[in-house]
Visitor: 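Please read through the structure below; I'll follow up with questions.
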Amino acid sequence: QVQLVESGGGLVQAGGSLRLSCAASGRTFRSYAMGWFRQAPGKEREFVTAIDWSGAVSYYADSVKGRFTISRDIAKNTVSLQMNSLKPEDTAVYYCAARLGGIANKNREGYNYWGQGTQVTVSS
């Protein structure tokens, strides 16, 4: 069992930055790949980025590539999302997710555990 708690969301102007964090409970954190997804009002939850168990392999949605960076600290059981050059279209609830097996995946159905989400609002 893994519990995930996100933090770091908020309101920021376009062009600004935010850093989201996800704290994971459980002794087997290194067994999981971690992902970030987001859901805007009236839209489906979409993939943002994911990182494998070791932190060596990561994937990004085209819409965030070059602006967002995912990282993980195995010792601290955390995964972070650094978001730079934010745009109004990045506004959404951001969810942290864990996938057993350690292999990063872009498909939300492949994730076993989810956090409660944190709101990110980017004003124009």
Side-chain angles (χ1 to χ4, degrees):
Q1 187 77 12
V2 175
Q3 292 186 330
L4 305 172
V5 179
E6 303 98 334
S7 61
L11 174 64
V12 64
Q13 289 188 332
S17 298
L18 279 176
R19 186 176 181 87
L20 305 184
S21 293
C22 175
S25 65
R27 297 175 295 173
T28 58
F29 178 64
R30 65 170 61 243
S31 300
Y32 291 83
M34 301 299 295
W36 287 95
F37 292 77
R38 66 187 182 186
Q39 188 166 17
K43 295 186 177 181
E44 291 190 354
R45 191 171 299 187
E46 66 175 5
F47 170 77
V48 176
T49 179
I51 192 167
D52 76 339
W53 69 274
S54 70
V57 179
S58 58
Y59 302 103
Y60 295 90
D62 288 343
S63 59
V64 306
K65 202 170 294 183
R67 300 188 296 122
F68 290 12
T69 303
I70 189 172
S71 60
R72 69 186 297 165
D73 187 327
I74 295 175
K76 295 182 179 179
N77 279 15
T78 59
V79 61
S80 298
L81 178 62
Q82 178 65 42
M83 305 186 294
N84 299 328
S85 302
L86 282 161
K87 305 176 181 179
E89 50 264 44
D90 294 318
T91 295
V93 177
Y94 283 71
Y95 296 91
C96 174
R99 183 175 187 269
L100 184 62
I103 306 300
N105 191 294
K106 299 179 181 181
N107 188 340
R108 68 175 185 262
E109 282 76 18
Y111 287 79
N112 306 96
Y113 301 100
W114 293 83
Q116 82 288 350
T118 185
Q119 177 70 46
V120 171
T121 302
V122 184
S123 63
S124 57

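All values derive from a computational prediction rather than experimental measurement.
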Visitor: Which heavy atom in Trp36 sits nearest to a heavy atom in Ile70, and how many Å separate them?
Guide: CD1-CD1, 3.7 Å

Visitor: More than 12 heavy atoms of other residues, nucleotides or ligands under 6.0 Å from CZ of Arg30: is that the case?
Guide: no

Visitor: Grouping I, L, V, M, F, W and Y whenever their side-chain heavy atoms are under 4.5 Å apart, do Leu100 and Trp114 come out in a common cluster?
Guide: no

Visitor: Using 0.5 Å steps for rounding, measure from the CD atom of Gln82 to the CZ atom of Arg67.
Guide: 12.0 Å

Visitor: Decide, yes or no, whether a salt bridge links Asp90 with Lys87 under the criterion of side-chain N to carboxylate O below 4.0 Å.
Guide: no

Visitor: Restricting to non-hydrogen atoms, name the atom on Phe68 and the atom on Tyr60 that form the minimum distance, rounded to 0.1 Å.
Guide: O-CE2, 3.2 Å

Visitor: Check Ala104 against Asp52 and note the closest heavy-atom contact, atom names and distance.
Guide: CB-N, 3.9 Å

Visitor: Looking at side-chain heavy atoms only, is the closest gap between Ile74 and Arg72 below 4.5 Å?
Guide: yes

Visitor: Starting from Phe47, can I reach Met83 by hopping between I/L/V/M/F/W/Y residues whose side chains sit under 4.5 Å apart?
Guide: no

Visitor: Is the NZ or CZ atom of Arg108 both under 6.0 Å from the centre of the six-membered ring of Tyr95 and within 45° of that ring's axis?
Guide: no

Visitor: Looking at Thr78 and Ala23, would you say the former's side chain and the latter's main chain have a donor-acceptor pair under 3.5 Å?
Guide: no

Visitor: Starting from Val64, can I reach Val120 by hopping between I/L/V/M/F/W/Y residues whose side chains sit under 4.5 Å apart?
Guide: yes

Visitor: To the nearest 0.5 Å, what is the distance between OG on Ser17 and CG on Leu86?
Guide: 6.0 Å

Visitor: How about CD on Gln3, more than 12 heavy atoms from neighbouring residues, nucleotides or ligands closer than 6.0 Å, or not?
Guide: no

Visitor: Atom OG1 of Thr49 and atom CD1 of Ile51: how far apart are they, to the nearest 0.5 Å?
Guide: 7.0 Å

Visitor: Please name the pair of heavy atoms, one in Ala14 and one in Ser124, separated by the smallest distance, quoted to 0.1 Å.
Guide: CB-CA, 4.4 Å

Visitor: I'd like to know whether NZ of Lys43 has more than 12 heavy-atom contacts from other residues, nucleotides or ligands below 6.0 angstrom.
Guide: no

Visitor: Taking side chain as C-beta onward, heavy atoms only, is Leu20 less than 4.5 Å from Glu6?
Guide: no

Visitor: Under a plain distance cut-off of 3.5 Å, with no hydrogens placed, do Arg38 and Tyr94 share a side-chain donor-acceptor pair?
Guide: yes

Visitor: Mind checking whether Met34 and Trp53 sit in one hydrophobic cluster, side chains of I, L, V, M, F, W, Y counted as touching below 4.5 Å?
Guide: no

Visitor: Does the side chain of Thr91 come within less than 4.5 Å of Gln119's, by heavy atoms?
Guide: yes

Visitor: Hey, could you give me the CZ/OH distance between Arg45 and Tyr111, rounded to the nearest 0.5 Å?
Guide: 12.5 Å

Visitor: State whether the number of non-hydrogen atoms from other residues, nucleotides or ligands found under 6.0 Å of Tyr59 atom OH is greater than 12.
Guide: no

Visitor: Any link between Val48 and Val12 through a network of hydrophobic side chains (Ile, Leu, Val, Met, Phe, Trp, Tyr) touching at under 4.5 Å?
Guide: yes

Visitor: Going from CZ on Phe29 to CG on Asp73, what distance comes out if it is rounded to the nearest 0.5 angstrom?
Guide: 8.0 Å

Visitor: Minimum heavy-atom separation for Ala24 to Leu4, with atom names?
Guide: CB-CD2, 3.6 Å

Visitor: Calculate, to the nearest 0.5 Å, the distance between atoms SG and CG belonging to Cys22 and Leu81 respectively.
Guide: 10.5 Å

